[in-house]
Amino acid sequence: MSGEEQEFGALLRRLRLNAHLTIQGLAELSGVSARGIGDLERGRRAVPQRRTLTALADGLGLEAEQRDRLLAAARRGRGPDAATLPVHNFPRRTDDFVGRLPELVSLTALAAGEDPAAAAGAGRDGSQPMVATVSGPPGMGKTALALHAAQRLVPHFPDGQMVLDLRGMDEVPASATELMLSVLKAFRVADAELVKAGPEGHAALYQDLLAERRCLLIFDNACDEAQVAPLLPERGRSMVIVTSRRVLTGLRKVHRICLGELAPHEAVAFLTGAIGEERASGEAAALREVADRCGRLPLALRVAGSWLATRPGWTVRRLADRLALDEHRLDSPVAGGRKVSAAFDLSYRQLTPDAARLFRRLSLVPGPDAGVACAAQLIGQDLPSAEDTLEELVEAGLLGPQGDRFRLHDLLRLYANGRLRAEEGPEETERVRAGLYRWLLETTIVAGLWFEPGHGAPPADWRGLVDLSSAELARQWLQIQGTNWLAALRAAAQAGEHAMVVRVAESLHWFSDQWIFWGHWTEVFDMAARSAGLLGDEVMRATHLNYYAWALIVCESRPEAGLPVAAQALAVAHRTGDAGQQAWGHYYQGWANRSMKRFVEAAGHYGRATGLFASVGDLHGVLQARHGLCRNLLSQGDGAAALEAYQQTLTVLDEAGDLVEPHIAAGARIGIVSGIGRSHALLERWDDAVTHIQHAVRLCDALDNLPMRSTHLLYLGEALLAQGRDDEAHEAFRACVALGPDADPVRLCEARKRLARLTAAT
């Protein structure tokens, strides 16, 4: 955090305290939200605009000199060294963008609050949220316009700019809840706040965030009004641009832009940019014909331009004549009755057989993009050959590269799927789809087992297309391919492939600890529990009910929902006589009750879990259940009892020795040693508390686990702070923050808060 921002936040806090106001009191007097004031004081939000500063000064009742001091601090806080940087995730603008001047002028005026046709309720000074919709047929350049306009509008929205793909043409478009979470995370709302609010509270957090910032959001490729409506800001001065094939007439108080084809001169300029002025001027008439044959549709023009650019030996006239001959094959009507697939047909028919087959089959990929390994699987090539085939599609203008991945435009996806059905038939299409899904699931199993104790790297005889030679590579694949393998898992469940569903979910239950906030673990484990039940495997059903309970309690912070699921798992395990799963049913009921501060019930379940784990010789389970009892006592504030319980658990761990899997033993030891320190802290034995927590931090170093290290650095800083060792506490909190994005985001958030408080107090 920069010194300038700290000065502003510290000054604001000092002025508020001098006025004998709470944050809520200042919020009521100024009209600025309590959350926004708190973020400003802690340096978690960029310095506000003049209007907000004036409201704060009025609420504080500042005299002229104090107002000037606050404004001066704000000016310094807006300098280039400010640490609360705005979000900016816009891709590079489209290089071949042409035309659309009236639309650009309209959007610019709307952003500046100067458009008299702006939606009702948006004042000329931009004091209300601004929403524009950009609609039109496929390939009309809606996204290109939105992104090009966004580059112009950046100065109007200093707090951040973001583009999100709403996946409106997917079988399962992105949900409003999922998109809200993406925005909250992008704008660095801490996981601690997300967990505290729970899924049902994310909408309020989202609206508060947009109300307190001036942001520009591009919601690209919207499905319908129901998807978009919850995402629109209700207050504040942010702006949203929504692109969709639909007009979205159900949305109210929005500024509407409906795109048609480019003007004739704009379409010619588009093609000229692709092939160069000299070539274009030599065949001006033919170029106009090509533009007209493409329906002056930007996407079709891009394909035709790419075709000409990569074939310098072709005359423009030759292309115009070929398009004229192929007009009877056009089957995609657009504005004015014109059709555009002639350009697609022409490029498609010139592909090599492998490229044509890959193009068709890429339409089967359920997610928004595909990598080289996926392409190789689809057409049975090795990786280098598949990469060459993908590059052929890119050169033909039929595929868009995004880093090391590739994406079909929606219109091209539809076209490719039509070619697939026409040329390979329904039976072959389903065979290819089944092969793709099977490959996705089998690779998921191998990647997931990296995180299972006793498994690790793939077996020596595994010959997969994906490099899974390290846990980090396995993690990347599972996360990047999440949309794809989840779709394959859903299809497997629907097709009755229940054994596969259970295998996949079972392989992922250790990995799920690495990606807790993905958002789909409840679905995965619920699906697996249902599949296990349909297979008649009640032990496996109890197992996945327990995993499902974990996902509800931990991933979604819904212990009240997880409690009955854990009870159901226990009941199923009782019927089968499986003591191990009975133990886990009790364990998760203990966790749920502890989270709901029902400590007596929690202790009973943890105790029964401990006994059951011991009865089946599950030492790892015994350690977890005993640790749960320790945490339950710590949560109650019973330092003496927690200390005794932790010390007894440490004895169990020491006596077990090599019987405990090394990774589990190391993690358990860190938690126990730190818990002993925190128990001493409850008893105000500060030297002992600091000594033990410092030991836990050193153990984290040996394990090279940044999330654990961040947790125990935070505990260390708190113990030092309570002992009055402010400078050392400051260093511990700084060390925690310095760990960066690989650390636990909840702990980083807390460490930043404590640093802000220490700074404000000095």
Side-chain angles (χ1 to χ4, degrees), residues 42 190 192 195-196 590-591 594-595 597 599-600 602-603 606 623-654 666-703 705-739 743-762:
R42 294 168 176 81
V195 171
K196 181 179 179 181
W591 196 330
R594 179 173 64 82
S595 300
K597 301 186 184 305
F599 301 119
V600 174
Y606 281 135
L623 283 169
Q624 291 205 57
R626 290 183 67 98
H627 199 178
L629 279 166
C630 297
R631 294 174 68 189
N632 195 48
L633 292 167
L634 202 62
S635 297
Q636 294 177 74
D638 191 340
L643 179 60
E644 182 179 0
Y646 272 117
Q647 288 171 335
Q648 290 173 355
T649 305
L650 183 60
T651 299
V652 172
L653 178 61
D654 288 337
R669 187 173 298 278
I670 291 169
I672 293 167
V673 170
S674 179
I676 290 173
R678 295 173 70 203
S679 300
H680 280 300
L682 285 175
L683 297 169
E684 298 185 359
R685 299 172 184 168
W686 301 115
D687 288 339
D688 287 335
V690 169
T691 297
H692 280 86
I693 300 175
Q694 283 175 333
H695 184 201
V697 171
R698 288 193 295 272
L699 290 173
C700 289
D701 292 340
L703 194 61
N705 187 310
L706 293 183
M708 280 190 178
R709 180 172 169 77
S710 62
T711 294
H712 301 296
L713 278 170
L714 180 66
Y715 293 158
L716 176 61
E718 290 172 336
L720 290 165
L721 197 61
Q723 200 176 7
R725 296 159 65 176
D726 289 9
D727 290 343
E728 294 174 77
H730 192 275
E731 287 307 308
F733 294 139
R734 281 179 59 87
C736 180
V737 171
L739 294 177
D744 185 328
V746 176
R747 308 305 179 185
L748 296 186
C749 174
E750 292 300 317
R752 290 190 183 100
K753 287 181 181 178
R754 283 154 178 74
L755 280 174
R757 291 171 189 163
L758 281 170
T759 301
T762 58

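One is the number of the first residue; the rest follow in order along the sequence.
Shown here for Val673 and His692, the closest heavy-atom pair between the two residues is CG1-O, 3.2 Å. The two residues Gly639 and Ser679 come nearest to each other via the heavy atoms O-CB, 3.7 Å. Among all heavy-atom pairs drawn from Cys630 and Thr649, the shortest one is SG-OG1, 3.5 Å. Residues Ser635 and Arg594 come closest through the heavy atom pair OG-NH1, 3.8 Å. When all heavy atoms of Ala602 and Gly590 are compared, the closest pair comes out as CB-O, 3.4 Å. Shortest non-hydrogen contact noted between Ser674 and Ile693 is O-CG1, 4.1 Å.
For the atom pair OH of Tyr646 and NE2 of His680, the computed distance is 12.0 Å after rounding to the nearest 0.5 Å. Note that CZ of Arg698 is 11.0 Å distant from CZ of Arg709, once rounded to the nearest 0.5 Å. Atom NZ of Lys597 and atom CD of Gln636 lie 10.5 Å apart (nearest 0.5 Å). For the atom pair Leu629 CG and Arg631 CZ, the distance stands at 11.5 Å (nearest 0.5 Å).
Within the 3.5 Å criterion, the main-chain N or O of Phe599 finds a donor-acceptor partner in the side chain of Asn632. His627 places no side-chain N or O within 3.5 Å of a backbone atom of Leu623 that could act as its donor or acceptor partner.
Under a 4.0 Å N-O distance rule, the pair Glu750/Arg747 does not qualify as a salt bridge.
Separation of the Phe733 and His730 ring centroids does not fall under the 6.0 Å cut-off.
More than 12 heavy atoms of other shown residues, nucleotides or ligands fall within 6.0 angstrom of atom CZ in Arg725. Heavy atoms of other residues, nucleotides or ligands lying less than 6.0 angstrom from CZ of Arg754 number more than 12.
You'll find the side chain of Asp654 reaches within 4.5 Å of the side chain of Arg669, heavy atoms only. By the 4.5 Å heavy-atom criterion applied to side chains, Gln723 and Asp687 are counted as neighbours. Looking at heavy atoms from C-beta onward, Leu643 lies out of side-chain contact with Leu682 at the 4.5 angstrom threshold. In this structure the side chain of Ile670 never reaches within 4.5 angstrom of the side chain of Thr711, judged on heavy atoms. By the 4.5 Å heavy-atom criterion applied to side chains, Gln648 and Arg626 are counted as neighbours. Contact check for Ile672 versus Ile676: side-chain heavy atoms found under the 4.5 Å cut-off.
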Working note: Leu721 + Leu758, criterion side chain to side chain contact (heavy atoms under 4.5 Å, CB included); need CA distance, chi angles, decisive distance, verdict.
CA-CA 9 Å; Leu721 197 61; Leu758 281 170; 3.4 Å; yes
